[in-house]
Protein chains: 2
Amino acid sequence: MSSVAKKTAGTGAPETGSSSQATAERIPAAQRRELILEAATGVFAERGYAGSTTDRVAKAAGISQPYVVRMFGTKETLFLEALDRAQGKLLRAFRDVIAAYDAGELAEELQHLDPAAGSGRPGQLKQLMAIAYADLVADRGILMMLMQAFVAGHEPAIGARAREGFLDIYRLVRDEAGLSPETVRDFLAQGMLMNTLIGIRLPEVYEQDPTAEELLECTLRSKLPMVLKASKAQRRAG
Amino acid sequence: MSSVAKKTAGTGAPETGSSSQATAERIPAAQRRELILEAATGVFAERGYAGSTTDRVAKAAGISQPYVVRMFGTKETLFLEALDRAQGKLLRAFRDVIAAYDAGELAEELQHLDPAAGSGRPGQLKQLMAIAYADLVADRGILMMLMQAFVAGHEPAIGARAREGFLDIYRLVRDEAGLSPETVRDFLAQGMLMNTLIGIRLPEVYEQDPTAEELLECTLRSKLPMVLKASKAQRRAG
DNA sequence: GCTTGTTGTAATCGAATGATTACTTAAAAG
DNA sequence: CTTTTAAGTAATCATTCGATTACAACAAGC
């Protein structure tokens with residue numbers, strides 16, 4: 001039992017093509033880790049912590065379930081790492097906007113802002129960050145991952161991390177963008193509304209329901225077309 | 001095997017006292033139904049759809065698990081009925097505020113409103129409804145039940161019901177309170193933020209974290225003491 | 001070639017869970 | 001008192017799921 005039928009029977013082609021390969025391509029653990037976290041983010045975002053299985057994450061990542069468990073130890077640890085990753089991406093997106101604004105690199109974007117919402121640095125940054133947030137909304141993974149953590153507060157470890165993460169975001173917007181607490185509150189509130197509209201999949205009924213249309217247009221504004229497009233793409237993907 | 005040891009051995013006292021009775025008190029199905037829905041609301045609010053078990057609901061209602069399943073057919077049906085009930089309570093709370101306002105019964109409450117937020121009917125109603133919402137937040141059951149439905153959109157039946165419910169609330173606030181779409185949006189956004197702060201249990205770290213303190217005060221305003229009190233009470237209850 | 005560590009899977013196990021079946025027992029009907 | 005109906009449970013079943021164990025195969029060092 002050697003030297004014959006080493007990997008796949010029949011053709012010598014490695015099975016990197018489509019789904020359900022017998023054995024995944026060998027790649028370094030660090031890269032595999034990131035692939036699993038990416039897959040886990042999508043799965044957890046869609047189905048929540050309790051509703052997700054390590055096997056579904058494994059299938060989404062193209063590997064076997066035991067490998068997922070061995071690499072992260074427990075499902076909870078996997079969730080927490082995916083959560084940290086998502087929070088990090090959100091913080092980075094906000095910091096990038098602030099840095100670009102302060103470097104004067106957003107002259108073009110400033111033309112499209114609403115002057116009524118404030119023409120100083122805080123007012124403009126608030127609008128620019130809202131746009132950055134809507135860009136992330138289109139993804140559906142990052143922000144719904146956070147949202148799922150916010151409603152999983154009964155799991156002690158997840159609740160604690162979610163609290164810390166939310167307060168981190170609050171402080172970033174308040175201190176680095178320089179918004180007043182009330183303005184930060186309104187900014188976060190708009191974000192939570194966007195999350196909710198995405199969570200209930202309102203874009204999917206945009207064309208059939210005038211009320212949904214009005215609420216989406218009023219909330220997402222210029223970012224609506226992009227979100228609708230992403231919604232359709234993700235429905236095709238399943 | 002008759003006439004002796006009919007219900008409980010030993011004392012003839014019926015076991016209506018505390019928890020874990022062998023057989024629950026017999027009450028009409030309609031009343032039992034409401035008790036189960038009340039219990040289910042608390043359980044689903046806390047742990048979400050996937051994270052809740054029919055057995056936990058049964059224990060919270062003081063009856064056996066098979067009875068829960070037989071009365072509602074499936075866990076999904078139970079969730080949908082609890083969701084309808086929660087939505088109904090929210091809609092009724094808003095309608096009550098509007099009716100009381102239009103009947104001139106809220107003269108005392110009007111004294112405490114912020115004149116800067118609008119002194120016409122829409123502006124005053126928006127503030128009064130926000131207060132009514134915060135009253136519900138203190139409960140933690142009703143609103144988190146809705147929130148859990150909002151993030152369970154991947155379950156087709158739940159997602160559809162959640163969409164309809166959200167749009168019902170939107171239309172109510174827009175048409176019956178007479179707010180503009182933008183004002184309704186801001187109103188709903190504040191509500192979603194409150195839900196989120198409750199979801200991550202921010203009131204539980206109010207005293208230990210100055211940032212949490214600032215955000216909670218800024219969001220809940222006059223209703224903060226009540227929410228903090230409710231938070232402590234629910235922590236004691238577990 | 002031989003060894004060794006890394007990447008990966010198949011098989012399986014125990015606990016949890018939604019649902020079903022069959023059975024009690026209190027109360028209403030006659 | 002007897003019968004019937006409604007309220008409720010114990011026992012159990014088939015799945016599902018997170019985790020564990022044991023093993024296979026590829027690559028690098030020697």
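Order of the sequence lines sets the chain letters (A, B, ...), proteins ahead of strands, with each chain counted from 1.
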- Query: Does the pair A/Gln190 and B/Met192 meet the rule for a side chain to side chain contact (heavy atoms under 4.5 Å, CB included), with working shown?
  - Reply: CA-CA 8 Å; A/Gln190 295 291 323; B/Met192 294 307 107; over 6 Å; no
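For C/dG8, one of the phosphate oxygens OP1 or OP2 lies less than 4.0 angstrom from a side-chain nitrogen or oxygen of A/Tyr67.
The nearest whole Å value for the distance from the CD atom in B/Glu76 to the P atom in C/dT17 is 18 Å. One can place CD of B/Glu25 at 9 Å from P of D/dG8, the figure rounded to the nearest angstrom. One interatomic measurement links the two molecules: NZ of A/Lys75 to P of D/dA19, which rounds to 8 Å at whole-angstrom precision. Separating the CZ atom of B/Arg70 from the C1' atom of D/dA10 is a distance of 13 Å, rounded to the nearest angstrom. A straight line from CD1 of A/Ile63 to P of D/dC26 spans 18 Å, rounded to a whole angstrom. D/dG8 atom P lies 7 Å from atom CE of B/Met71, rounded to whole Å.
A heavy atom closer than 4.0 Å to some atom of DNA chain C occurs in B/Ser52, B/Thr53, B/Thr54, these being the qualifying members of residues 42-59 of chain B. At a non-hydrogen distance threshold of 4.0 Å, A/Ile27, A/Pro28, A/Ala29, A/Arg32 from residues 27-40 of chain A come into contact with DNA chain C.
No more than 12 heavy atoms of other residues, nucleotides or ligands lie within 6.0 Å of NZ in A/Lys59, so this atom counts as exposed by the packing criterion. Counted within 6.0 Å of CZ on A/Arg140, heavy atoms from surrounding residues, nucleotides or ligands total more than 12; the atom is thus considered enclosed. When the shell of 6.0 Å around CZ of A/Arg56 is examined, it contains 12 or fewer heavy atoms from other residues, nucleotides or ligands.
Salt-bridge formation is not detected for the pair A/Glu204/B/Arg163: no Lys NZ or Arg NE/NH1/NH2 atom is positioned less than 4.0 Å from an Asp or Glu carboxylate oxygen.
Stacking of A/Arg161 on the aromatic ring of A/Phe166 is not recorded, the 6.0 Å distance cut-off and the 45° axial limit not both being met.
Across its full length, the helix from C/dG1-D/dC30 to C/dG30-D/dC1 shows an angle of 0° between the axes of its 5 terminal pairs at either end, rounded to 10 degrees.
Side-chain N/O atoms of A/Arg26 and base N/O atoms of C/dT6 include a donor-acceptor pair closer than 3.5 Å.
Ring to ring, B/Phe94 and B/Phe187 are close: their centroids are under 6.0 angstrom apart.
Results of the side-chain hydrogen bond (donor to acceptor under 3.5 Å, both in side chains) test with B/Tyr206 over B/Arg201, B/Lys232, B/Glu217 single out B/Glu217 as the only residue that passes. Partner of A/Glu81 under the side-chain contact (heavy atoms from CB on, under 4.5 Å) criterion, out of A/Asp84, A/Thr77, A/Leu78: A/Thr77 alone. None of A/Ile63, A/Val69, A/Val68 except one satisfies the side-chain contact (heavy atoms from CB on, under 4.5 Å) rule with A/Gln65; the exception is A/Val69.
In this structure, CG on A/Leu215 lies 5.0 Å from CG on A/Leu197, to the nearest 0.5 angstrom.
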